[in-house]
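Accompanying notes for the structure given below.
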Amino acid sequence: MNPPLDIAPFTSWSGGKQPLVIAGPCSAETEDQVLQTVKRMVAASEGISMIRAGVWKPRTRPNSFEGVGAIGLPWVKAAGNAVGLPVTVEVANSGHVELALKNEIDVLWIGARTTVSPFIVQEIADALRGIDIPVMIKNPVNPDLQLWLGAIERFTQIGITKIAAIHRGFSTYEKSTYRNPPMWEIPIELRRRYPQIPIIVDPSHMGGTRDLIYPLSQQAMDMGFDGLMIETHINPDKAWSDAKQQVTPEVLGEILRELVVRQPHLEDNEFHTLHELRAKVDRIDDYIIEMLAERMGISEQIGQFKKDHDLAIHQSERWAAIVKRALANGKTGGLTEDFILKLFQQIHNESIIHQGKVMGK
Ligand code: PEP
Ligand code: MN
């Protein structure tokens, strides 16, 4: 069971707008670059609620630009003041926290490379004891919901009540269209466990290219997530970090105007149709589980047979044949290969557990 969380309403600290749009450069580079970006952003769109900029940049390899450091904090704060918006920066240790607070940064965010490390998350949380500041926690780079939940709980446990999660996708070894594939099932599961925590989607780090920002933002809205964090730069091609995934303030304005934000509440008659469709889905889900339970029962009988005849549980030719049939059937039904393979791997694992139960007796 998840511990109960004391969470302040999102709108009490996010500026009241929904979706919450956080925009600004990946990195603060110069005082003027931050100020011009922010002024142009606000001139080009109405929907911006918060300004972002990184001053300490966690870079994968050394000798790349690692941020301007603390000198950038007053630039970011001044740019926010110039347009009357709160500002947020990434903090990655307790020293950063101290400097950010000293410079009156309004909201802190925890980067994806920090969320993976419980020691550092705890160090940052301890530095915030007794301080009422909103904290946004990016998912860890690896697809591990427990680490994400753990980081969130470390902040709630020391008394932070203004919390949001930022979904920026997960790194994979496999080649992908995305820099960090979304794996939407993970934030969806986070929402199921902690429905009171707002989730902001970061299509810039997820997509890794400008072209993917709009479609990913729309997908995020269609799934009912609460906000967007979009990297914006006055001259994206010349940005000192993440050049490929930043848009100009004017393009940001276009993206936000194009977005269709769907109503969370429907009229009664529309709701009726949705209700019926959901009931159908529920029936199919029940049926799937019933069928799977029946399949596992048969696996146990097979296990008994293998035991009686002294056969190994896993027989690779049989497994290869199962996958082949499933992929062919899946293709006919318009299901992706990746889905079928993952589904059958899970079914196969469960089946081995059931066979093992019988064989171990
Ligand atoms: C960033 O927001 O610029 C950043 C470094 O993001 P992430 O921690 O998601 O990689
Ligand atoms: Mn970035």
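Note that the numbering runs from 1 along the sequence shown for the chain. Remember, it's a predicted structure, so these values are computed and weren't measured experimentally. When a ligand or atom number is given, it counts from 1 through the structure's own listing order.
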Residue, atom name and distance, where the atom is the protein heavy atom closest to [atom]:
{"atom": "atom 3 (O) of ligand 1", "value": "Lys57 NZ, 2.8 Å"}
{"atom": "atom 6 (O) of ligand 1", "value": "Lys138 NZ, 2.9 Å"}
{"atom": "atom 4 (C) of ligand 1", "value": "His205 NE2, 3.4 Å"}
{"atom": "atom 8 (O) of ligand 1", "value": "Ala112 N, 2.8 Å"}

With atoms numbered from 1 as shown, which atoms in ligand 1 lie under 4.0 angstrom from a non-hydrogen atom of [X]?
{"X": "Glu90", "result": "5 (C)"}
{"X": "Arg168", "result": "7 (P), 9 (O), 10 (O)"}
{"X": "Arg113", "result": "7 (P), 8 (O), 10 (O)"}
{"X": "Cys26", "result": "3 (O)"}
{"X": "Gly111", "result": "8 (O)"}

If you round to 10 degrees, what value do you get for the angle at the Mn ion (ligand 2) between Cys26 atom SG and His205 atom NE2?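 Here the angle at the metal atom is close to 170°, to 10°.
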
Please determine if [X] and [Y] form a salt bridge, counting it only when a charged side-chain N lies under 4.0 Å from a carboxylate O.
{"X": "Arg278", "Y": "Asp282", "result": "no"}
{"X": "Arg210", "Y": "Asp237", "result": "yes"}
{"X": "Glu189", "Y": "Arg192", "result": "yes"}

Give a yes or no on whether the backbone of Thr161 and the side-chain of Asp6 come within a donor-acceptor separation of less than 3.5 Å.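 Checked: no pair found.
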
Would Arg52 count as a contact of ligand 1 if the rule is a heavy atom under 4.0 Å away?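 Yes, that is the case, since the closest heavy atom of the residue is under 4.0 Å from the ligand.
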
Under a heavy-atom criterion of less than 4.0 Å, does Gly54 contact ligand 1?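 Heavy atoms of Gly54 never come under 4.0 Å of ligand 1.
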
Report the name of the N/O/S atom of Glu231 located nearest to the Mn ion (ligand 2).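 Within Glu231, restricted to N, O or S, the Mn ion (ligand 2) is closest to atom OE2.
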
Among the N, O or S atoms of Asp242, the one nearest the Mn ion (ligand 2):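 Checking each N, O and S atom of Asp242, the shortest distance to the Mn ion (ligand 2) belongs to OD2.
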
For the residue pair [X] and [Y], confirm or rule out a side-chain donor-acceptor distance under 3.5 Å.
{"X": "Asp308", "Y": "Gln304", "answer": "yes"}
{"X": "Ser14", "Y": "Ser49", "answer": "no"}
{"X": "Glu123", "Y": "Ser94", "answer": "yes"}

Under the side chain to side chain donor-acceptor pair (under 3.5 Å) test against His205, which residue among Arg179, Glu231, Arg168 passes?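 Answer to the side chain to side chain donor-acceptor pair (under 3.5 Å) test with His205 among Arg179, Glu231, Arg168: Glu231.
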
Are any of the N/O atoms in Pro58 less than 3.5 Å from those in ligand 1?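 No, since none of the N or O atoms of Pro58 sits under 3.5 Å from an N or O of ligand 1.
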
Is ligand 1 under 4.0 Å from a heavy atom in the side chain of Glu231, in the backbone, in both, or in neither?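 Side chain only; the backbone of Glu231 stays clear of ligand 1.
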
So how far is it from Ser217 OG to Glu258 CD, rounded to the nearest 0.5 Å?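 Rounded to the nearest 0.5 Å, the OG-CD separation comes out at 12.0 Å.
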
Measure up the Trp184 and His167 rings against each other and bin them: parallel (under 30°), tilted (30 to 60°), perpendicular (over 60°).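 Trp184 and His167: perpendicular rings.
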
